[in-house]
Amino acid sequence: NPRTTPDFGVADLSLAEFGRKEITLAEHEMPGLMAMRERYAAEQPLAGARIAGSLHMTVQTAVLIETLTALGAKVRWASCNIFSTQDHAAAAVAVGDGTVDEPAGVPVFAWKGETLGEYWWCTEQILDWPGGELPTMILDDGGDATLLVHRAVEYTKAGAVPEATADTPEELRVLLATLRNNLAAQRTDWIALANAVKGVTEETTTGVHRLAEMARDGQLLFPAINVNDSVTKSKFDNKYGCRHSLIDGINRGTDVLIGGKVAVVCGYGDVGKGCAESLRGQGARVIITEIDPICALQAALDGYQVARLDEVVGYADIFVTATGCLDVISAEQMSRMKHQAIVGNIGHFDNEIDMAGLARLDGIRRTEIKPQVHTWTFADGRSIIVLSEGRLLNLGNATGHPSFVMSNSFTNQVLAQIELFTRTDDYPLGVHVLPKHLDEEVARLHLDALGVGLTELTAEQAAYLGVPVQGPYKPEAYRY
Ligand SMILES: NC(=O)c1ccc[n+]([C@@H]2O[C@H](COP(=O)([O-])OP(=O)(O)OC[C@H]3O[C@@H](n4cnc5c(N)ncnc54)[C@H](O)[C@@H]3O)[C@@H](O)[C@H]2O)c1
Ligand SMILES: Nc1ncnc2c1ncn2CC[C@H](O)C(=O)O
């Protein structure tokens, strides 16, 4: 790749100084990660671990990476989205304690604005360790690194990579081409690599969905920890993180006044709840679409109109998909939207909005306003504004969630990496969650920073509730 120095694939190493300044600010806002460094500095629980990381290469992720290395791990990193990298963070991690001329940090293969071919090339690099070493852990967000390993093993055993079909999504079409080249070059013994991997820790809802399907179909090659369903991840990052970063993306992308407008949020799960609150907080009249009667009822009792998309597509001003599903907004529905309606997605993948169908409409014309902001003009002259080409707009048009909420998510990632690397036998093939006492510990690590005064249970109260004085305080089935 033309942008790639021999060991480091970042956009511009000279941005490292700026990145380091923002990483230093972020560390102060990430008490959970900094506590991990303090608590485990002597023990070095990740010594010997070789972690292949595929997660948005942001300032917050830089603090995660440098926490993993502080605990003894060796790391190689790529982003899990072509638009989400913050180039100054990538440069700072790559330079590390070295210099721009002699970077000595973590090999990073990520830059904002990757092509799909570059994206899968970067993902190959985090699995291609020097000196014949193999990765022993994967840290994934959305499951693309895990998918590449599983497909590479499958095609190695089959002796060929299948051809794409007419309806193969572009992302997977490029993956097939990448694997065809990789297997032809015989650079990697994928079966040995999969056997070397002790397990994967998965960040997000959609990645967990993929893992559950692989486990159900008996295809999982190594155990997984579902980090997303730690309460201190999904009930914080997914909700409060999106509450913060959704409007950041809309504002930076369009500068349109949200107040007074009609905004549609598709999906009222953890992410949709944060999005709806965010838009209502700006004075928008928020309408929810949902398929699940329970979430639809929640939305209604939270005071939102709940409607079918077709009923509102002609008069709403802003549309946000937050479902983890596919084809939520069709090209035909976009063709019925108001002039300059804003359309964006905050779900993990770009299949929530039918961008391919939009591009196939007769007479459609795409105009770049600025990177990650495009107008799509229909034959009759009306246009819509699409953010980040249908990819997650909070990281494509803005900088994603703030450090404090990512500290909760990433402290779970560090604990999950330690659990899976040091206690592998406790995690048989399948998809697991962290025990509740660790979830509560993550919350405890973030209370002081907010001045929280936590009430202590007396022994009598604990006996009455039937819980230990120090917790866990809730049964596994409890829904926070
Ligand atoms: N951009 C980010 O920073 C960020 C952060 C966390 C999660 N995510 C991603 O956001 C997506 C949603 O995550 P979540 O944790 O809220 O999942 P969730 O399962 O809690 O919520 C999704 C909701 O969408 C609903 N839904 C599904 N298909 C629908 C459809 N066709 N129309 C309307 N509603 C539909 C479901 O019933 C569910 O209530 C996932 O892809 C996840 O990986 C993104
Ligand atoms: N600031 C961020 N850094 C890294 N990843 C981020 C950031 N904001 C949102 N994300 C997406 C990860 C999130 O936990 C998810 O579940 O997708």
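Here, residue 1 is the first one in the sequence, and each next residue gets the next number.
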Could you check whether S383 and T377, counting side-chain N and O atoms only, form a donor-acceptor pair closer than 3.5 Å?
yes
Can you establish whether the number of heavy atoms outside H209 located under 6.0 Å from its atom NE2 is more than 12?
no
Smallest heavy-atom separation, T289 atom then L309 atom, equals CG2-N, 4.0 Å
Output yes when a side-chain donor or acceptor of D439 lies under 3.5 Å from a complementary backbone atom of P435, and no otherwise.
no
Check the pair M355, D350 against side chain to side chain contact (heavy atoms under 4.5 Å, CB included), reporting the backbone distance first and the verdict last.
CA-CA 8 Å; M355 295 304 297; D350 65 334; 5.7 Å; no
Could you go through I287 and V306, starting from their C-alpha distance and side-chain angles, then the distance that decides it, and tell me whether this counts as side chain to side chain contact (heavy atoms under 4.5 Å, CB included)?
CA-CA 6 Å; I287 299 171; V306 183; over 6 Å; no
Not counting sequence neighbours, list each pair that qualifies as a ring-ring contact (aromatic ring centres under 6.0 Å, His included) and has a residue in residues 221-258.
H150-F222, F236-Y240
Is any NZ, NE, NH1 or NH2 atom of the basic residue among D248 and R243 found under 4.0 Å from an Asp or Glu carboxylate oxygen of the other?
no
Taking the side chain as C-beta and beyond, is there a heavy-atom pair between E389 and Q372 under 4.5 Å?
no
Do the non-hydrogen side-chain atoms of F83 and E114 ever get within less than 4.5 Å of each other?
no
With sequence neighbours left out, which residue pairs that include part of residues 296-339 fulfil the ring-ring contact (aromatic ring centres under 6.0 Å, His included) condition?
Y268-Y304
Stepwise side chain to side chain contact (heavy atoms under 4.5 Å, CB included) test for V386 and V373
CA-CA 6 Å; V386 177; V373 181; over 6 Å; no
For the residue pair H401 and Q60, confirm or rule out a side-chain donor-acceptor distance under 3.5 Å.
no
Do T399 and T58 make a side-chain contact, defined as non-hydrogen atoms from C-beta onward lying under 4.5 Å apart?
no
Look only at the side chain of D87 and the backbone of K112, and say whether a donor-acceptor pair between them is shorter than 3.5 Å.
yes
Between R20 and E17, does the salt bridge (charged side-chain N to carboxylate O under 4.0 Å, His left out) criterion hold? Intermediate values first, please.
CA-CA 5 Å; R20 184 53 55 190; E17 184 181 355; over 6 Å; no
Check: V63 main-chain N/O paired with T67 side-chain donor or acceptor under 3.5 Å
yes
For residues C275 and I346, determine if any side-chain heavy atom of one lies less than 4.5 Å from a side-chain heavy atom of the other.
yes
Going through the checks in order, is the side chain to side chain contact (heavy atoms under 4.5 Å, CB included) test met by M57 and I65?
CA-CA 10 Å; M57 185 58 246; I65 292 168; 3.8 Å; yes
S407 to G32 - nearest heavy-atom pair and separation
OG-N, 3.1 Å
A quick test of your reading: do over 12 heavy atoms of other residues, nucleotides or ligands sit less than 6.0 Å from CG of L450?
yes
For a side chain to side chain donor-acceptor pair (under 3.5 Å) check, start with the C-alpha distance between N228 and T205, then their side-chain angles and the critical distance, and finish with the verdict.
CA-CA 6 Å; N228 184 71; T205 318; 3.3 Å; yes
Using only atom types and a distance under 3.5 Å, with no angle test, would you say the side chain of N412 pairs donor to acceptor with the backbone of V227?
no
Regarding H348 and T206, is there a side-chain donor-to-acceptor distance under 3.5 Å anywhere?
no
Salt bridge or not between R173 and E170? Use side-chain N to carboxylate O under 4.0 Å.
yes
Polar side-chain atom of W77 near backbone of A110 as donor-acceptor pair, under 3.5 Å:
no
For the pair D380 and R382, evaluate salt bridge (charged side-chain N to carboxylate O under 4.0 Å, His left out) and give the outcome as yes or no after the intermediate values.
CA-CA 6 Å; D380 67 3; R382 280 177 309 110; 2.9 Å; yes
Minimum side-chain heavy-atom gap E163-L176 below 4.5 Å:
no
If we ignore hydrogens and angles and just use 3.5 Å, is the side chain of W190 paired with the main-chain N or O of L183 as donor and acceptor?
no
Please examine the side chains of E352 and L326, heavy atoms only from C-beta on, and report whether any two atoms are closer than 4.5 Å.
no
Is there any ring-ring contact (aromatic ring centres under 6.0 Å, His included) pair reaching into residues 355-376, and which pairs are they, with sequence neighbours excluded?
none
With a 6.0 Å cut-off (strictly less than), is the heavy-atom count around CZ of R336, excluding the residue itself, greater than 12?
yes
Decide whether Q413 and E203 meet the rule of one side-chain donor and one side-chain acceptor closer than 3.5 Å.
yes
Within the 4.5 Å heavy-atom criterion, are L387 and V343 side-chain neighbours or not?
no
Under 3.5 Å, is there a donor-acceptor pair between the side chain of Q333 and the main chain of S330?
yes
Set out, in order, the CA-CA distance, both residues' side-chain angles and the distance that settles salt bridge (charged side-chain N to carboxylate O under 4.0 Å, His left out) for R308 and E290, then state yes or no.
CA-CA 8 Å; R308 296 181 193 83; E290 252 292 350; over 6 Å; no
So, N182 side chain and T178 main chain: donor-acceptor pair closer than 3.5 Å or not?
no
Is it the case that K273 and Q298 place a side-chain donor and acceptor less than 3.5 Å from each other?
yes
Ignoring hydrogens and geometry beyond distance, is a side-chain donor-acceptor pair present between T201 and D140 at under 3.5 Å?
no
Considering non-hydrogen atoms only, spot the tightest contact between I126 and G53 and give its length.
CD1-O, 3.3 Å
Side-chain donor-acceptor pair under 3.5 Å between N251 and N397, yes or no?
no
If every non-hydrogen atom of N226 is compared with every non-hydrogen atom of D229, which pair is closest and at what distance?
ND2-OD2, 2.6 Å
Answer yes or no: is there a donor N or O on one side and an acceptor on the other, between the side chain of S278 and the main chain of G274, under 3.5 Å?
no
Does R216 have more than 12 heavy atoms from other residues, nucleotides or ligands lying within 6.0 Å of its CZ?
yes
Could you check if a side-chain atom of V149 sits within less than 4.5 angstrom of a side-chain atom of L127, using non-hydrogen atoms only?
yes
Where does the angle between the aromatic ring planes of W111 and W121 fall among parallel (under 30°), tilted (30 to 60°) and perpendicular (over 60°)?
tilted
Where do V271 and A322 come nearest, in terms of heavy atoms and distance?
CG1-CB, 3.7 Å
Around atom CD of E332, are there more than 12 heavy atoms of other residues, nucleotides or ligands at under 6.0 Å?
yes
Keeping the roles fixed (side chain from T254, backbone from V256), state whether a donor-acceptor pair exists under 3.5 Å.
yes
